[in-house]
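First the proteins, then the strands, lettered A, B, ... as listed; each starts at 1.
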Amino acid sequence: MERSFLDPLKKPVLEVQEYIRLLGQVGRGLVTRPIYGRDIIEQFEAIGIGSLTVVLLTGVFTGMVLALQSGISLDRFGARQTVGSLVSASMVKELGPVLTALMVAGRVGSGIAAELGSMMVTDQIAALRALGADPVRKLVIPRVLAGTMMLPILTILSTGIGMWGGSIISATQLMVPTSVYWNSVVNGLYVQDIWMGLIKPIVLGFVITSVACHVGLRTKGGTQGVGRSTTTAVVVGSVAVLAVDFLLTKLLIVLMYD
Amino acid sequence: MAHTSASALDSSARSPNVDGQVPVVRFDRVTLAFDDKVVLKDLSFTLLPGRLKVFLGASGAGKSTILRLILGLLRADAGQIWVHGQRVDQLSEADLMPVRSEIGMVFQEGALFDSLTVRENVGYRLFEETRQPIAEVDRRVDDVLGFVGLRDMGARMPAELSGGQRRRVAIARALASRPKLLLYDEPTTGLDPITALTVDAEIVKLRDLEHTSSIVVTHQLRDAFYIATHRAATTGSRVELSPVPPEDADITEFVMLKSGGIVFEGTAAELRATTDAYLRSFLS
């Protein structure tokens, strides 16, 4: 068969087409029966509670290092007292949502791709269909719903503990009184910042889990294929988090700040 | 009667009814290719109620593909597929659900759900996809686990079972919703001969005692001939297996696939008596 110079593009185009098709099935599955409530609750626990430790650790260390670094920079301008504003604005708008999403992409994205990939190569997905269940409703929707709804909550907790970490460093290392720090935190935040910090994780949670489900359900080639899918889910999920974050930031700035 | 080409089967495949019965499965000139590789080409066959067909053939001959086409897990490129009198090859995923509810499938290696216990696996369809009362579902799960001799294994996880036990759980799961058609994909591959015989016995029992129509895909000739040459009957409360009488020999038919088509269809005795060079080499 004759090869065309367009051949290398076929696979990525096919992947995008299949991903969009999966999103369509998810959309239909969300508004029609059956809904697998027990599976949804299980995924809320697995994705939400299961990610709590890693997300809190990420948040607290990010807040602490941010305070340390900001303190040095602000000293040059004699503005050490405003460290709280810098920590809160950075954590709420950017670092909280993005770092939480990246940690979830690593922990949850790989887990979803590995689980669904293993089910694919061992015929469990085919068995599910043969037994009258729709894998999108049974497996994908609970994970996507849990990711979309739990990531904002995880982000709030991560951001909150990050700002608390910043206050510890401010008080112990920068010698900024705690009341001054928290006053600066509140003064440095606008309502739009909070909206941005809440909207981003909703979109990022959806992207991470839907990409991981898509990659998992496209797994072929035995255990090697499962390994490939796991890596792909983390890499694509992480890059997608950064790319979507940029696009979303641009869009939200236009919509809310201009 | 034995056939040595697909064309001989075509006339019966065109008729919706065969011998006054609605066929359980009817393939009419079905073709399927994956990219450039043609897996099935103009394949036609009919399975009548209460009968069992054993599909034989080399690896990659398209045996398992036939089962997936019946379930609608794959789509044919051309031709028609009828299951219980309903054309299924063009149905949507949602419309296939009622068709699948009357079919039980035993996958290669069992394909049990790792995260569920044996009991939850067996009762999966009844627990999740029907509104039957839990007590009724529990009773049915106990019945089918008893049928395959694993009544005490309900609380175990699939990882704790041997290969043979996993296959028997897979049979129990396929059986739980009382399907009219059972599909077995390499049910004995990878099992030791003694364990394989217990699985063969389950297939014979389901055919003769439950009168379930079945399709078995295998390349294990020993098991295929065991299924074709034995029948099950109840004596008091016991189930006994004995050689099948000649007048009932056509309950089980062999179908040999080669290059995407059927090269033989007939009984065990007809297959043994064949002079075709390819079939002889396969049997030797």
Q: Identify the heavy atoms of A:Ala127 and B:Arg173 that sit nearest to each other, and give their distance.
A: CB-NH2, 3.6 Å
Q) Within a radius of less than 6.0 Å around CD of A:Glu45, do more than 12 heavy atoms belonging to other residues, nucleotides or ligands occur? A) no
(Q) Measuring from atom CD1 of B:Ile103 to atom CG of A:Leu131, what distance do you get when rounded to the nearest 0.5 angstrom? (A) 11.5 Å
**Q.** Portion of B:Leu71 that has a non-hydrogen atom of chain A nearer than 4.5 angstrom
**A.** side chain
Q. Which is it for A:Gln124 and B:Asp114 under the side chain to side chain donor-acceptor pair (under 3.5 Å) test, yes or no, and what are the steps along the way?
A. CA-CA 9 Å; A:Gln124 290 180 55; B:Asp114 298 329; 3.0 Å; yes
Q) Is chain A contacted by the side chain of B:Leu183, its backbone, both, or neither, given a heavy-atom distance below 4.5 Å? A) neither
Q: Evaluate whether atom CZ of B:Arg87 has more than 12 neighbouring non-hydrogen atoms of other residues, nucleotides or ligands under 6.0 angstrom away.
A: yes
**Q.** Separation of B:Phe127 CZ from A:Arg38 CZ (nearest 0.5 Å)
**A.** 9.0 Å
Q) Closest heavy-atom contact between A:Gly132 and B:Arg125? A) N-NH1, 4.1 Å
Q.
Looking at B:Met157, I'd like to know if its CE atom is crowded, meaning that more than 12 non-hydrogen atoms belonging to other residues, nucleotides or ligands lie closer than 6.0 Å.
A. yes
Q) Under a 4.5 Å heavy-atom cut-off, does chain B meet the side chain of A:Leu128, its backbone, both or neither? A) both
Q) Are any of the side-chain heavy atoms of A:Arg129 and B:Leu96 separated by less than 4.5 Å? A) no
Q) Quick one: are B:Phe113 and A:Thr122 in side-chain contact, heavy atoms under 4.5 Å? A) no
Q: Determine whether more than 12 heavy atoms belonging to other residues, nucleotides or ligands lie under 6.0 Å from atom CZ of B:Arg75.
A: yes
Q) Counting heavy-atom pairs under 4.5 Å to chain A, which of B:Met105, B:Gln108, B:Glu109, B:Glu93 comes out on top? A) B:Glu93
